[in-house]
Amino acid sequence: GLALVLVTPPAAEAHSAYVTSTPEAGAVLDELPPEFSVTMNETLLSSAGDAAFALRVLGPGGLYYGDGCLRIVDRTVATDAAIGPAGEYVLEWQVVSADGHPVSGVVPFTWTGEATEEGRTSPAVCGEPSTPEQGASGHHDDDGAAEVPLGDAVWIVAAVLVIAVAVTVTLIVTRRR
């Protein structure tokens, strides 16, 4: 019974794998590169739509930097580089493998230069004007209902999809035996 749940079928190993990024994990930057990017080992499923991808810069005080706009070319997802004050940062990323499964991770790095913009309490959404105060308590409709920021919704949906795939694979493997 329990041993079957721990078996990982070969299909689960077909997801994209992280190859490199700008900045590299653990890098100490004193000059801002033109863009932040993550490159995978295989072509990304760009037809999955922009909402399935994320590349976010999270800095000191839990503030986000950047405009939320992404470019997906072959194996790489990129965004224009923007950053806040010197400190410890994380480049959060999520992509969709060619097999349709989301893959995500983080790249820690240190910034020692000057800030290029003010941070926000929630990730920016491409094309939407933002202010540094945006997202402090979420957006509210006239009826008082709170909206979940799109960036957070992407991560929640991805987690649900990963769990659903794991349950489905487990059921398939269990039924075959």
Side-chain angles (χ1 to χ4, degrees), residues 15-98 102-141 146-159 161-162:
H15 305 326
S16 291
Y18 168 91
V19 173
T20 188
S21 61
T22 300
E24 291 274 339
V28 177
L29 301 179
D30 58 2
E31 189 173 308
L32 199 60
E35 66 181 19
F36 290 129
S37 66
V38 171
T39 300
M40 306 304 284
N41 67 332
E42 63 184 16
T43 301
L44 300 171
L45 187 63
S46 58
S47 63
D50 290 345
F53 290 83
L55 196 57
R56 310 186 308 198
V57 177
L58 179 61
L63 298 178
Y64 289 92
Y65 299 87
D67 63 8
C69 297
L70 304 178
R71 294 177 296 285
I72 303 162
V73 180
D74 298 324
R75 303 179 308 133
T76 302
V77 59
T79 187
D80 292 340
I83 203 156
E88 300 298 314
Y89 284 79
V90 175
L91 179 64
E92 300 175 332
W93 59 269
Q94 176 179 300
V95 299
V96 179
S97 298
V103 180
S104 61
V106 295
V107 178
F109 68 97
T110 303
W111 171 243
T112 61
E114 297 295 319
T116 63
E117 71 175 41
E118 290 186 45
R120 285 172 295 284
T121 55
S122 63
V125 176
C126 186
E128 285 188 9
S130 59
T131 60
E133 299 79 31
Q134 171 189 337
S137 61
H139 292 93
H140 291 274
D141 290 335
E147 294 178 10
V148 175
L150 181 61
D152 293 342
V154 169
W155 293 91
I156 292 167
V157 169
L161 286 174
V162 168

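When a residue number appears, it is its place in the shown sequence, counting from 1. Computed from a predicted model, the values in this text were never measured in an experiment. All values below come from the heavy atoms of this structure, side chains included, with hydrogens, waters and symmetry mates left out.
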For Val57 against Phe109, the heavy-atom pair lying closest together: CG1-CZ, 4.4 Å
Compile the donor-acceptor pairs under 3.5 Å between side chains in residues 30-39 and protein atoms, sequence neighbours left out, one pair per line.
from  : atom 1 : to    : atom 2 : distance (Å)
Glu35 : OE1    : Arg71 : NH2    : 2.8
Thr39 : OG1    : Thr76 : OG1    : 2.8

Between Trp93 (side chain) and Ala54 (backbone), is there a donor-acceptor pair under 3.5 Å? no
So, for Met40 and Val19, which heavy atoms are closest and what is the spacing to 0.1 Å? C-CG2, 3.4 Å
Side chain Gln94, main chain Gly105, donor-acceptor under 3.5 Å: no
Please report the shortest heavy-atom distance between Ser97 and Leu45, naming the atom on each side. O-CB, 3.3 Å
Grab the two heavy atoms, one from Trp111 and one from Pro85, that are nearest each other, plus how far apart they are. CD1-O, 3.5 Å
Dump the intermediate steps for side chain to side chain contact (heavy atoms under 4.5 Å, CB included) on Tyr89 and Ile83, then the final yes or no. CA-CA 9 Å; Tyr89 284 79; Ile83 203 156; 3.5 Å; yes
When you measure from the side chain of Thr79 to the backbone N and O of Leu70, does any donor-acceptor pair fall under 3.5 Å? no
When rounded to the nearest 0.5 angstrom, what is the spacing between CG in Leu55 and CG in Asp80? 10.5 Å
Assess the residue pair Thr112 and Val28 against the criterion (side chain to side chain contact (heavy atoms under 4.5 Å, CB included)); give the C-alpha distance rounded to whole Å, side-chain angles, the decisive distance to 0.1 Å, and a yes or no. CA-CA 7 Å; Thr112 61; Val28 177; 3.7 Å; yes
Taking everything shown except Glu117 itself, do over 12 heavy atoms lie less than 6.0 Å from its CD? yes
Evaluate the criterion side chain to side chain contact (heavy atoms under 4.5 Å, CB included) for residue pair Ser16 and Leu44; output intermediate values, then yes/no. CA-CA 8 Å; Ser16 291; Leu44 300 171; 4.1 Å; yes
Between the CG atom in Asp74 and the CD atom in Glu42, the distance rounded to the nearest 0.5 Å is 12.0 Å
Do you know which two heavy atoms are closest between Gly68 and Cys126, and how far apart they sit? O-CB, 3.5 Å
Worked check of side chain to side chain contact (heavy atoms under 4.5 Å, CB included) between Thr121 and Tyr64: CA-CA 6 Å; Thr121 55; Tyr64 289 92; over 6 Å; no
What heavy-atom pair brings Pro23 and Leu91 nearest, and what distance separates the two atoms? CD-CD2, 4.3 Å
